[in-house]
Amino acid sequence: MTEVVHTPRVFSGIQPSGGLTLGNYLGALKRFAEMQDTGGMQTIYCMVDLHAITVWQDPDKLAHATRELCAGFLASGVEPEKSILFNQSQVAEHAQLAWIFNCVARMGWMKRMTQFKDKTGKNAENASLGLFAYPALMAADILIYHATHVPVGEDQKQHVELTRDIAIKFNNDYGVDFFPVTEPVIEGAATRVMSLRDGSKKMSKSDPSDMSRINLTDDADAISKKIRKAKTDPDPLPDSIEGLEGRPEARNLVNIYAALADLTPEQVIAEHAGQQFGTFKPSLADLAVAKLEPISTEMSRLMQDPAEIDMILRRGAMRAREIAAPILERTYEIVGMVR
Ligand code: TYM
């Protein structure tokens, strides 16, 4: 059986549930823009609205969040001429392949997913079936394009590993070499941006405290205030990276600085060794405002023309379907569905 050659291709997605944080920007969006300019790989980026409804979303807010997320992609430098940019529900093949993967993935694998356990806690019985099956849909998002590289933050690593397991099991079960075994791409200084209030917790849009995160829609004053009030310890910055051991809040601010300035954490430490946070925080605040304010300004400009955003998404979806449809057809054939 001759099969498709796996040309390198990048896919990643972000949920339109609530606003974008600095974590989404540094762990994902900024990397997405960089990947479309380097490496010569086709890049496909998706607003995963089907994932968002695994927990209840107000319909008007969901539509608004999807458009705002699209504005966030564009303002971060993702260009619809270079990348395929669309929302998931406009490409039905994602959900169709997800059903097949629901039948490939094992209950034991799904039960090990830490994100489901973290999100539901003691309330798992009351969670939607969709939230439990979510990683199989994520595998379908990736594999419906035969994507080989998936840029994500650290928190998505386990899901990409599950995607690999699903691809391998499918190929074994049907005796084919059809789906590629995808690589997670978790790179850069800020693969796990932490809360500004608690260095042991991930920065997240669902944290009840708005002071714990920087939102991509925050203005200069808010960005500055949040950084100046970020929790730290009383010691000055060390003179080597090892000196950040056991100082999660200090490490987080150094990582954020490095990612925003396109430096390594080692370079940031070399430049700021011995500084008190009273000096370092204002520098970081200035840097963050310089990098992030243009993004929030551009997002609000783009949001004034939702029809333009909808057109970008529709065009992107058409291009995405051109890749996805033949891969779904071939999958159905492999599985034995009469066409
Ligand atoms: P989501 O929407 O929670 O987050 C989108 C991206 O942002 C990254 N991220 C972070 N990176 C660093 N520090 C943080 N504090 C931080 N918070 C979020 C995430 O790692 C992610 O890369 N399941 C995915 C969406 C998805 C997907 C996919 C991703 C659906 N299908 C296929 C890749 C490929 C999610 O919920 O990401």
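The structure displayed is predicted, hence computed values, not measured ones. First listed ligand is number 1; within each ligand, the first listed atom is number 1.
Of the listed options Asp141, Leu50, Val160, Asp141 places a heavy atom closest to atom 31 (N) of ligand 1.
Counting heavy-atom neighbours within 6.0 Å of Lys111 NZ, excluding the residue itself, gives a total of 12 or less.
With hydrogens left out, the protein atom closest to atom 20 (O) of ligand 1 is Asp155 OD1, 2.4 Å, a heavy atom. Regarding atom 37 (O) of ligand 1, its nearest protein heavy-atom neighbour is Gln156 NE2, 3.8 Å. Nearest protein heavy-atom contact of atom 25 (C) of ligand 1 is Gly13 O, 3.6 Å. With respect to atom 36 (O) of ligand 1, the closest heavy atom belonging to the protein is Tyr134 OH, 2.7 Å. For atom 15 (N) of ligand 1, the nearest protein heavy atom (residue, atom name, distance) is Val193 O, 2.8 Å. Considering only non-hydrogen protein atoms, atom 4 (O) of ligand 1 sits nearest to Asn24 ND2, 3.4 Å. The nearest heavy-atom contact from the protein to atom 10 (C) of ligand 1 is Gly23 O, 3.4 Å. Looking at atom 12 (C) of ligand 1, its nearest protein heavy atom turns out to be Thr191 O, 3.3 Å.
Val176 and Phe179 fall within the same hydrophobic cluster, where Ile, Leu, Val, Met, Phe, Trp and Tyr residues are linked whenever their side-chain heavy atoms come under 4.5 Å apart, directly or through other members.
Some N or O of Gly153 is nearer than 3.5 Å to an N or O of ligand 1, by distance alone. Considering both main-chain and side-chain atoms, Val48 never comes within under 3.5 Å of ligand 1 through any nitrogen or oxygen pair.
Aromatic ring orientation, Phe277 versus Phe280: perpendicular (interplanar angle above 60°, classes split at 30° and 60°).
Which parts of ligand 1 touch Ala190 is read off a 4.0 Å heavy-atom cut-off, strictly below it: atoms 12 (C).
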